[in-house]
Amino acid sequence: MPDKFYITTTLPYVNAKPHIGFALEIVQADVIARWRRARGDEVFFNTGTDEHGLKIWRKAQELGMDTQAYADENAARFDDLKRALNLSYNAFIRTTEPRHVAAAQEFWQRCEQHGDIYKRNYKIKYCVGCELEKTESELTDGICPIHPNLELETIAEENYFFKFSKYQKKLLELYVKNSDFVLPKWRLKEIQNFVAGGLEDFSISRLKAKMPWGVPVPGDDEHVMYVWFDALINYISTLGWSVETQNFASLQKDKPSTFEKFWGTAKKPNALQIAGKDNLRQQAAMWQAMLLSAGLPSSKQILIHGFINSGGQKMSKSLGNVVDPFELVEKYGTDAVRYYLLAEISPFEDGDFTIEKFIVRYNADLANGLGNLVSRVATLLEKDAITLTLTLSPRERGLEERINKGMRAYQFNNALKILWDVLRAADETLSRQKPWEIKDLAGKKKILEPVAQDILNVAELLQPFLPDTAEKIIKQFSAKQIKKSEGLFPRI
RNA sequence: CGCGGGGUAGAGCAGUUGGCAGCUCGCCAGGCCCAUAACCUGGAGGUCGCCGGUUCGAGUCCGGCCCCCGCAACCA
């Protein structure tokens, strides 16, 4: 019986092009998904786009476009990552889809039934100069930095609020009971401290008159849901919650729904989420409180990755150091980009991307390392027409276990290092045993066969990381007569 | 005393249970000449931020201090 495995990324907001940071998140998720599939699990891998809210609405207005048309255009660009990065997700949910809107409304009603939604005055600061609402973090010393001479107006607006504060205790229990609920450990500590410090209810609606681009609040035509509230629900709307859940409940009592199979149950939560460090609170606290309120199972685990800086600085448009994943793939290939994200960037800490570092890593590991070794061995075999019978399976036991150990801790960089150690050892063996000096073909074969087998073993275990490259090598090294092929990674 | 992360060779980093300080790039010397001017070996280069403690032994544990970087909620 294969295990059911669920993994989801956060949904990127479609007001900008996909950037390298999201590429990191989705490639990490992809490796985990592929790894689980290779182990025989049935995998549900979700991603999608977050499309409601002020920024998108305003941007579409600026462009004179229909808001949905604008969202469609941008959502398509995110889905393009699938091909560019060779991703294996099987679900792409958009928060403007009817099934998601319906789920969000159902979810809202459940929270409301539990007495967790209420209306209250919400004071906002408004800068007449900018004609915009301002949050505290946008202000310096309580005044708008762009219009320091103007006084801010305070506008009181009625909003719906979610009783976040009510769930403080339950959230803390959740963290205590599941010591690896959030990885890395210090992020769990961070969220624990945050929740322990006290929670304030948060606003979950906006006045439709001011900003109509959102999910309508059930039973109140004046309001739409604040984008965060609806966006988080994608993790379950993508599974067919709640329409399917309800159908199953009435029709087939004993058969678990897709939702239960993948999202899990209260006793056995099953959902793995992956998110950036800016999303810790939303995913590990707010979303979990929302699930508790709606009477649904918590997530099982949340992985928090860091940010990618460029030359030690934050990527920003004004600095001109923003990295476009499509451009990189175009120039250097999918697997080269995947390799950098997985091998060079620490899975949990902030990482750094510069084109110089990328090229150094590419040449050292992909061109001089893997690519050169494959071509080295293939040529030696082809030249003397040495035929081998290598086996793809059973895999080399110890090596596979070491990779699995790294993967269970989501240490992609360590797992890859283990594989590269094998490649290095192969190069060393060749230099020491000098098969090219040996006249006797049987003797030559004796040296080359285990080296070729090592390459095949590495290729097989490399599949979740560099699927395309791995497949090429497996094909090449499964032939009786291994032949030289085009270089995998030409030196740059 | 808000919270968290970091400070290890010229640069970038690894060091999970305390046991002779490692990796990649760069630099120097040698080897090889099968391979994508690739590969292999050796070398130079570090008071592991500072001070104190525990220990036979600390980069690793404990206490204090200094510096750098994020975050401080309804900015999606």
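Reminder, nothing fancy here: chain letters follow the sequence lines and each chain counts from 1.
When rounded to the nearest whole Å, the span between CD1 of A:Ile482 and P of B:A35 equals 16 Å. Counting to the nearest Å, the P atom of B:A72 and the CG atom of A:Leu280 are 12 Å from each other. Straight-line distance from the OH atom of A:Tyr175 to the P atom of B:G4: 15 Å, rounded to whole Å. The interatomic distance linking A:Arg408 (CZ) with B:U16 (P) rounds to 19 Å, in whole Å. The distance between atom CG of A:Leu366 and atom P of B:A35, rounded to the nearest whole Å, is 21 Å. The nearest whole Å value for the distance from the CG atom in A:Asn413 to the P atom in B:A14 is 8 Å. At whole-Å resolution of the value, CD in A:Gln433 and P in B:U41 are 14 Å apart. Protein atom CG of A:Asp384 is 11 Å distant from nucleotide atom P of B:A35, rounded to whole Å.
The side chain of A:Tyr226 lies closest to B:C74 when the candidates are B:C74, B:C32, B:A38. Considering only the side chain of A:Trp228, B:A76 comes nearest among B:A35, B:C32, B:A76. The side chain of A:Ser431 lies closest to B:C39, out of B:C25, B:C32, B:C39. Distances were taken from every side-chain heavy atom of A:Trp186 (C-beta onward) to each of B:G12, B:A73, B:G4; the shortest belongs to B:G4. The nucleotide whose nearest atom lies closest to any side-chain atom of A:Asp50 is, among B:C32, B:C39, B:A76, B:A76. Looking at the side chain of A:Lys55, the nearest of the listed nucleotides B:A76, B:C32, B:U36 is B:A76. In this structure, of B:A73, B:A35, B:A76, it is B:A76 that holds the atom nearest to the side chain of A:Asn279. The listed nucleotides are B:A76, B:C25, B:G12; the one nearest the side chain of A:Lys357 is B:G12. The side chain of A:Ala364 lies closest to B:C25 when the candidates are B:U41, B:C25, B:U36. In the set B:C74, B:C32, B:C3, the nucleotide with an atom closest to the side chain of A:Trp436 is B:C32.
OP1 or OP2 of B:A37 has not a single side-chain nitrogen or oxygen of A:Arg491 nearer than 4.0 Å. The phosphate of B:G2 (OP1 or OP2) has no side-chain N or O of A:Asn193 nearer than 4.0 angstrom. Listed pair A:Lys484 / B:U36 meets the phosphate criterion, a side-chain N or O lying under 4.0 Å from OP1 or OP2. Residue A:Arg424 has a polar side-chain atom (N or O) positioned under 4.0 Å from OP1 or OP2 of B:U24.
Spacing of C1' atoms, B:C13 relative to B:C56, comes out at 32 Å, to the nearest Å. B:A72 and B:U55 have their P atoms separated by 44 Å, given to the nearest Å. Taking atom C1' on both nucleotides, B:G42 is separated from B:U36 by 25 Å, rounded to a whole Å. Going from the P atom of B:A37 to that of B:G26 covers 15 Å, rounded to whole Å. Here the separation of B:G5 from B:G64, taken at their P atoms, is 15 Å to the nearest Å. Across the C1' atoms, B:G59 and B:U47 are found 13 Å apart, a figure rounded to whole Å. When the C1' atom is used for both B:G15 and B:G6, the distance is 15 Å, rounded to whole Å. Using P as the reference atom, B:G53 and B:A44 are 33 Å apart when rounded to the nearest Å.
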| task | Before giving the answer on side-chain contact (heavy atoms from CB on, under 4.5 Å), spell out for A:Lys119 and A:His223 the whole-Å C-alpha distance, their side-chain angles and the decisive distance to 0.1 Å. | result | CA-CA 11 Å; A:Lys119 226 177 187 178; A:His223 290 263; 3.8 Å; yes

| task | Applying side-chain contact (heavy atoms from CB on, under 4.5 Å), run through A:Leu462 and A:Leu419 and close with a yes or a no. | result | CA-CA 8 Å; A:Leu462 195 59; A:Leu419 294 180; 3.8 Å; yes

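By the stacking rule of 5.5 Å between ring centres and under 30° between planes, A:Phe202 does not stack on the base of B:C74.
Geometric assessment of A:Arg338 against the ring of A:Phe465 yields a negative cation-pi assignment under the 6.0 Å and 45° thresholds. No cation-pi contact links A:Lys59 to A:Tyr70, judged by a cut-off of 6.0 Å to the six-membered ring centre and 45° from its axis. Both tests pass for A:Arg120 against the ring of A:Phe161: distance under 6.0 Å to the centre and angle within 45° of the axis.
Between A:Phe353 and A:Tyr340, the ring centre distance stays below 6.0 Å.
A:Arg432 contributes no side-chain N or O that forms a donor-acceptor pair with the base of B:C40 under 3.5 Å.
A perpendicular orientation is assigned to the rings of A:Phe22 and A:Phe78, their planes being inclined by more than 60° (bins at 30° and 60°).
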